[in-house]
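Worksheet for the structure shown next.
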2 protein chains.
Amino acid sequence: MKDVAQRAGVGVSSVSRVLSGNPDVSPVMRNRVMDAVAALGYEKDLIAQGMRSGATSSVGFMAVDIANPIIAAASAGAIRELRNNGYSLLISSSDGSKELDADYIRSFQLRRVEGLLLSVADEEDARTLGALEQFRAALVFMDRAFPRSIKASAVVYDHRSGMAAAVDHLLELGHRKLALINGAPRVRPARERANAVRQAIRRVSDASVVVRGGSYSASHGYDACKLLMSSDSPPTAIIVGGNQILQGVMAALVELGLKVPDDVSLVTLDNVPLAEFISPSLACVTRDPVTMGTLGAELVLELIHGGAPRTVELPTTFVPGESCAAPRS
Amino acid sequence: MKDVAQRAGVGVSSVSRVLSGNPDVSPVMRNRVMDAVAALGYEKDLIAQGMRSGATSSVGFMAVDIANPIIAAASAGAIRELRNNGYSLLISSSDGSKELDADYIRSFQLRRVEGLLLSVADEEDARTLGALEQFRAALVFMDRAFPRSIKASAVVYDHRSGMAAAVDHLLELGHRKLALINGAPRVRPARERANAVRQAIRRVSDASVVVRGGSYSASHGYDACKLLMSSDSPPTAIIVGGNQILQGVMAALVELGLKVPDDVSLVTLDNVPLAEFISPSLACVTRDPVTMGTLGAELVLELIHGGAPRTVELPTTFVPGESCAAPRS
DNA sequence: CTCCTGTCTGGAATCGTTTCGACCAAGACT
DNA sequence: AGTCTTGGTCGAAACGATTCCAGACAGGAG
C-alpha cells in the first residue's frame, strides 16, 4: 500500500480512502490511485485489514461430523451463501467430542470470526455452555436447543410433523408395537423425534412404542435392533433415527434372517443416494439439508449486520415406501 | 498483552517471550507472567500474531463439491490431522466452476493461508494455472496432475490397478464389448481411468471398449447409458466412473427395462453407504478417501516446515459383486 | 483585501503481536 | 582492578491496513 501511495505520489491514507470507497476523494485522485494499483497488481491484505478494523470477513462452521452427508450438504449451502457476501468459512469437526466442541468455540474466538454456525455434540455440556456464554460474535445454532441466556439465532427442523406422519402411517397399516432406535438424547433432533413419536402413538389407545436412545452409530443400531427383535414381544415396525444407525439395523436384520417388510416394517431418516434402487424401497422422513446451510448463513449475516436474533423452522416430510406393510397377523 | 505485562510488572516483550516458549527467560519471570495470564484470562490474538509473524496457522481446502461423500471424507481427514498440529482449515467449494477456482486461489492468498489442499475443476484452465503460478504458499494437489513448473506435493490414487482388475474380471467372465461412462476428461482421475481401461482391454484381442466422457453428473450417466444401450451392438458390461453418474445410469437401465446382471453387467466407483443391501450387490472400484485428506494434510505440513515436494500414491481396489455375471450368449 | 467555509489531502496514531538492539548486573577471566 | 562474557530484561520498531486530526487550498462573502 505504501508502494502504491509512492507510485501515485499521494499519501497512504488517500489510497486507503479510494480503496474503501470513501466519498471524500476527488476524481483525479481516484484515477491516479487506481492506475498505480493496476500497475503494481496490488491487493489488500485481509489479515492486516482484520487486525485494524476487527472485521475478518470470516465465519466459523462446526458440527459433529463434517463427513455426514446431511452436514456436508449444509456446509456446502453455507459456503455458497457466504461466498456471495464476501465471507470465508473456517470449518471444523468435533468428531462427537464435547471437549473439542468447547475448545473449538474458543479457537474460533481467537481467530476473531464474525459469526459461528454451530451444531454441538452435547447441548448440556458445562464447558461448551461456558465457552458459548463468553463467545462474542454472531451465533447461529443448527438444529440445537440452547438456554435463553445465550443470545443467538437458530435454524431448526420441525421433526415432529414428519415423525407424526410416519407413526400415523404405521398405525393405519395396523401396527401396534413400534420401536424408535434413536440417536444421542442430549441433542435436539433426537429429543424431538422421541417426543413426537410418543405423542403420536397416543392417538390409538392400544398402541405402544419403545424408544432406545444411544448414539448416532452403526453399532448402536445393531445392538438395539438385536435386543428388540429377540425380546418376548418384538415390535412389528422400527423407526430408525439416523443413517449411521440404519447400517447397523440392516446388518442385524440380515443376521436375524428377518425380511423387510414381511417380518418387520422399517422407516428411516434422510434419504440416502440410490435408495430408490434398494429393494424394498425405504420409507423415510426427509428434510432439505442445503437450505439449513444457506439459511444459517443468512441468519448469521443478519446478526453480523446488527439484526435481532430469530429462529427459523424448516419442514420435514414423510415419504412412504415398500418397507412399510401391514404386520403379519 | 499490555495488561498482562502491567499486572506482572514486566515488559511486554517478556510476556511475549514467555508465551512463545523462548528459552531466554528466568523461572521467576515465567511464573509471574503465567500468574498474570491466568488472573486475566488472557489469550493470544491469532490475527495479530499472523499479522506480525506471517504465520496464520491456517490452510485452505478447495474441491469441486464439498458435499460429495469422497470429498467430505477427505476434508474430515484433513481437519483432524491439521487440528492435531494447531492449524485451522478454510474451506470452499468451486461448484465445478473454473472461474471460482481461480478466484478462490487468489482469495486464499489474500487470507495468507500457509498452505492449500486443492482439487481443481479443470487442470488446463489458463486463469487457474495463472493463479497457481502466483500462489506463494505450500501447495498440495488432491488427485490432480499439474505442470512441472508448479512446485507442489500431491496425493494421487492409483486408478489404473483398480480399473485393470475390474476389466480383467469382466474379460474373464467372457465380456468382449465394454463401455466406460466417464467423468470430465480434464481432470486426472477420469483420464487415468480411461487410459487404464483402454490398456487392460488389449490383453484380449477381440475385446473392445467405448469410452464416453462428459461430466460427473447424473444426467450425463443417463444420456450416455441410453445412447449406448440402444446402439446396434450394445456393450455387455458398463463401468461407471462416479457415484453421481451411477444415479443416472441406474435410472436409464430401469427405464429401458434392463436387468443387472442379466442384461448388462455393472461395475461402479466408490462404495456407497448401504450398497451391501442393494440387490444385486454392486461390484466396484474403491479407495480410502479419509487417507487422502490426512495424507494431504501431512504433505502440506511437511512443505510448510520446509520439506521438499513429493507425490504419494494411494491404492484402489476392485471389489467383485453380483452385478457382474457372464454375458448372455 | 481579509476572513471564513468547505473540500481534499497527508501525517501520525492505532490495532496486538514479535523481534531486534540496547542495556544492565553479576560472575569469570587476565 | 578492569574487561569480557553471559543471562535476563526492556523499549521501540515493525507488520499493513484504517481513521482521526489538522493543514492546505480554493472560492465566496463582507
Side-chain angles (χ1 to χ4, degrees), chain A residues 1-37 40-58 86 88 106-114 136-137, chain B residues 1-37 40-58 86-88 106-114 136-137 304:
Chain A
M1 192 149 175
K2 223 185 299 178
D3 299 345
V4 173
Q6 198 148 31
R7 180 173 179 114
V10 303
V12 278
S13 48
S14 297
V15 177
S16 173
R17 251 174 314 223
V18 169
L19 263 48
S20 51
N22 189 312
D24 291 356
V25 55
S26 67
V28 43
M29 165 71 83
R30 187 182 315 276
N31 288 336
R32 293 181 63 176
V33 169
M34 287 318 230
D35 287 353
V37 165
L40 294 170
Y42 163 85
E43 297 193 85
K44 259 208 247 280
D45 183 318
L46 292 177
I47 299 291
Q49 186 162 311
M51 166 87 191
R52 168 68 218 219
S53 61
T56 54
S57 297
S58 65
S88 289
R106 261 189 270 278
S107 137
F108 279 127
Q109 178 93 272
L110 297 190
R111 286 217 133 77
R112 294 222 221 129
V113 296
E114 294 183 45
R136 294 282 158 268
Chain B
M1 191 151 177
K2 223 185 302 177
D3 299 345
V4 173
Q6 199 149 30
R7 178 172 179 116
V10 303
V12 278
S13 47
S14 296
V15 177
S16 173
R17 246 171 299 125
V18 169
L19 262 48
S20 49
N22 190 312
D24 290 357
V25 55
S26 68
V28 42
M29 165 72 81
R30 187 182 313 280
N31 287 336
R32 294 180 63 176
V33 169
M34 288 319 229
D35 286 353
V37 164
L40 293 170
Y42 163 85
E43 296 193 84
K44 259 209 244 288
D45 183 317
L46 292 178
I47 298 291
Q49 187 163 313
M51 166 87 189
R52 166 68 217 217
S53 61
T56 54
S57 298
S58 65
Y87 278 76
S88 289
R106 260 188 271 277
S107 136
F108 279 127
Q109 178 93 272
L110 296 190
R111 286 216 134 79
R112 294 224 221 126
V113 296
E114 294 182 45
R136 294 282 159 267
I304 290 173

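All chains are named by letter (A, B, ...) in the order of the sequence lines, taking the proteins before the strands, and each is independently numbered beginning at 1.
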Open item on the list: I need the CD1-P distance between B:I47 and D:dA17, as an integer number of Å.
Closed with: 14 Å
Atom pairs, protein N/O to nucleotides 25-27 of chain C N/O, distance under 3.5 Å:
none

Task: Straight-line distance of B:M51 CE to B:D45 CG, nearest 0.5 Å - done: 11.5 Å
Open item on the list: Over all strands shown, is A:D24 touching base, sugar-phosphate only, or nothing at heavy-atom distances under 4.0 angstrom?
Closed with: base
Task: Below 4.0 Å: OP1/OP2 of C:dG16 and any side-chain N or O of B:Q49 - done: no
TODO: On DNA chain D, check which nucleotide each of A:E43 and B:P27 is closest to and give me the residue with the more 5' one.
DONE: B:P27
Open item on the list: Using whole Å, what does the distance between atom C1' of nucleotide D:dT18 and atom CE of A:M1 come to?
Closed with: 8 Å
Open item on the list: Contact between B:Q109 and A:E43 at the side-chain level, heavy atoms closer than 4.5 Å - yes or no?
Closed with: no
- [ ] Check the distance between D:dC15's P and A:D3's CG and give it to me in whole angstrom.
- [x] 11 Å
Task: A:N22 CG - D:dT19 P separation (whole Å) - done: 9 Å
Task: Reported CE-to-CG distance for the pair A:M34 and A:N31, which is rounded to 0.5 angstrom - done: 8.5 Å
- [ ] In whole angstrom, give the distance that lies between atom CZ of B:R112 and atom P of D:dG16.
- [x] 6 Å
Open item on the list: Within the structure provided, determine whether A:R30 and A:P27 are in side-chain contact (heavy-atom separation under 4.5 Å).
Closed with: no
Open item on the list: Give me the atom names and distance for the closest heavy-atom approach of B:G86 to B:S57.
Closed with: O-CB, 3.8 Å
Task: Nearest-Å distance for atom pair CE/P, residues B:M51 and C:dT19 - done: 14 Å
Open item on the list: Just to be sure I understand the geometry, which residues of residues 5-18 of chain B put a non-hydrogen atom under 4.0 Å away from DNA chain C?
Closed with: B:S13, B:S16
Task: Backbone of B:T56 reached by a side-chain donor or acceptor of B:R112 within 3.5 Å - done: no
TODO: Determine the minimum heavy-atom distance between B:E114 and B:Y87, stating which atoms define it.
DONE: OE1-OH, 3.0 Å
Task: N/O donor-acceptor pair, side chain B:R52 with base C:dT17, under 3.5 angstrom - done: no
- [ ] Provide the closest heavy-atom pair for A:A137 versus A:V113 in the form atom of the first, atom of the second, distance.
- [x] CB-O, 3.6 Å
Open item on the list: Closest approach to the side chain of A:S26, judged atom by atom: which nucleotide of D:dT9, D:dT18, C:dT9 is it?
Closed with: C:dT9
Task: Modelled atom types, side-chain donor and acceptor of B:R111 and A:S88, under 3.5 Å - done: yes
Task: Any B:K44 side-chain N or O less than 4.0 Å from OP1/OP2 of C:dT18 - done: yes
- [ ] Mind listing the residues from residues 28-37 of chain A sitting with a heavy atom below 4.0 Å of DNA chain C? Number order is fine.
- [x] A:M29
Task: OG-CZ distance between B:S26 and B:R32, expressed to the nearest 0.5 angstrom - done: 9.0 Å
TODO: Could you state the atom-to-atom distance from CG of A:L19 to C1' of D:dT18 in whole Å?
DONE: 12 Å
- [ ] Answer yes or no: is there a side-chain heavy-atom contact under 4.5 Å between A:M29 and A:V33?
- [x] yes
Open item on the list: Can you measure A:K2 atom NZ to C:dG10 atom C1' for me and round it to whole angstrom units?
Closed with: 15 Å
